[in-house]
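Just the heavy atoms: all of them, side chains too, but no hydrogens, waters or symmetry mates, feed the values below. Everything quoted here is computed from the prediction, not taken from an experiment.
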Amino acid sequence: MEKRPRTLFYLAECEERAGRIATAALHYDEYLDLFERLSPPEQKDEADRQKLAVARRDALDADIPRVTFRLPATVPAGTKVTRSSKASPDPVPVRVGVLLPIDPGEHWVRTEAPGAPARDKRFFVNKRQRLTVELTVAEAGEERKTVRYSAPTEPVPSVQTPPLDGGTEGRRTIMWISGCVGVVGVAGGITAGALTWSQKGILESNCRGGVCNKKGESAADFAGVMSPLSTVSFTVGAVGLGVWAFLYLTQPETARVGRNQGPQLGSLPEPALRVGLQGRETVVESRWAW
């Protein structure tokens, strides 16, 4: 699927508000890279977002934690190192010996030497922290084990919860994205519908017997664009919110524990909306509080 600059910008905002600031910075970078490849008219339309993306990216940089992973000098050739987290359970390759940006929170890093069992290590990292994680590698025939490292320089909120089903994290990600799409879609439909309705008075004043003057024709053309856009936006928004509601109401009970115990793994985002106009462009801003 082709990436669109505005989609990347909104995705970066959602990630930032969820606290995944390293991931947000990556999406802002992708947005700015794509902005450079737009045509001059397209860049003009994106000018305000481009300025905001630059400002937000610069502001995030100082808060992003950075971690260096180190392996023993005698590590076997072909050893693999991967990393995962609660927000991103799928393992990703790790570059060893390099200071890497990483989202704040709890993470796992795994080493796998040829012919030996995997060894997992759990660690925490906070905003602005610079951390070095020393890794070890299991030997052939050794039982698999997890090394737990839990000594962050600042306390990290956590909740003791029962182990979740394997697909819970992916389900929550889909639920969160669907809710975001639903909110933006409904907000866009409301805005487009309001703009369509605003042309009614102009049409009544400038059209008689099916014949319109220049001002009336312009209003009719504008309404002809906004009306179907409102319908499509409402449809997309309704589908997104429907998926969100279905996934929320049918989520496993284990994802709901600890509801009244402060920050928790099973908490859901709460949307807040701001809809307005900037010149001739509709602006829809959504905020997700966790």
Side-chain angles (χ1 to χ4, degrees), residues 12 15-30 57-164 166-170 172-173 258 262-267 290:
E15 293 289 0
E16 181 180 354
R17 287 165 183 159
R20 294 186 282 273
I21 55 178
T23 303
L26 174 63
H27 291 314
Y28 279 128
D29 285 340
E30 291 177 329
R57 177 63 179 85
D58 291 344
L60 285 176
D61 193 63
D63 288 337
I64 296 175
R66 287 174 169 81
V67 176
T68 302
F69 298 96
R70 290 182 179 173
L71 282 169
T74 57
V75 65
T79 297
K80 297 180 181 179
V81 182
T82 56
R83 176 178 59 82
S84 61
S85 66
K86 287 183 177 180
S88 301
D90 295 329
V92 296
V94 168
R95 293 178 61 190
V96 178
V98 179
L99 196 61
L100 301 174
I102 191 172
D103 289 325
E106 184 179 13
H107 300 265
W108 288 266
V109 61
R110 170 174 294 183
T111 57
E112 295 180 87
R119 176 168 290 180
D120 295 324
K121 188 167 189 175
R122 174 173 174 250
F123 67 95
F124 296 87
V125 65
N126 298 283
K127 283 186 177 181
R128 303 191 176 193
Q129 187 177 4
R130 301 296 182 266
L131 179 68
T132 298
V133 178
E134 300 290 346
L135 304 175
T136 58
V137 178
E139 297 180 357
E142 182 179 323
E143 291 186 3
R144 176 176 174 176
K145 66 178 180 179
T146 298
V147 179
R148 298 191 179 275
Y149 167 74
S150 56
T153 56
E154 301 176 13
V156 176
S158 62
V159 175
Q160 298 298 324
T161 61
L164 298 180
T168 299
E169 290 303 324
R172 289 187 65 247
T173 299
Q264 55 212 264
L265 183 62
S267 60
W290 289 77

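- Residues satisfying the side-chain contact (heavy atoms from CB on, under 4.5 Å) criterion with Pro76, sequence neighbours excluded, are Thr79, Ala113, Pro114, Val137.
- For the side-chain contact (heavy atoms from CB on, under 4.5 Å) with His107, the lone residue among Ile102, Val133, Val67 that qualifies is Ile102.
- Residues meeting the side chain to side chain donor-acceptor pair (under 3.5 Å) test with Arg130, sequence neighbours left out: none.
- Within the structure, the salt bridge (Lys or Arg N to Asp or Glu O under 4.0 Å) test picks out the following pairs touching residues 70-81 (sequence neighbours left out): Arg70-Glu134.
- Put simply, the side chain of Thr111 gets close to the backbone of Thr136: a donor and an acceptor are under 3.5 Å apart.
- With hydrogens and angles disregarded, no donor-acceptor distance shorter than 3.5 Å links the side chain of Arg122 to the backbone of Asp120.
- Glu16 meets the side chain to side chain donor-acceptor pair (under 3.5 Å) test with Tyr28, Arg56; sequence neighbours excluded.
- A donor-acceptor pair is defined here as one N or O able to donate and one able to accept, closer than 3.5 Å; such a pair exists between the side chain of Asp103 and the backbone of Thr23.
- Considering all non-hydrogen atoms of both residues, Asp63 and Ala59 come closest at OD2-O, 4.3 Å.
- Under the side-chain contact (heavy atoms from CB on, under 4.5 Å) criterion, Val98 pairs with Arg95, Leu100, sequence neighbours left out.
- In this structure, the side-chain contact (heavy atoms from CB on, under 4.5 Å) partners of Pro104, at least two apart in sequence or on a different chain, are Ile21, Pro65, Lys127.
- Applying the ring pair (Phe, Tyr, Trp, His ring centres under 6.0 Å) test to pairs two or more places apart or on separate chains, those with a residue in residues 58-81 are Phe69-Phe123.
- Contacts of Asp29 classified as side chain to side chain donor-acceptor pair (under 3.5 Å), with partners at least two apart in sequence or in another chain: Arg57.
- Residues passing the side-chain contact (heavy atoms from CB on, under 4.5 Å) test with Ser88, sequence neighbours excluded: Ser85.
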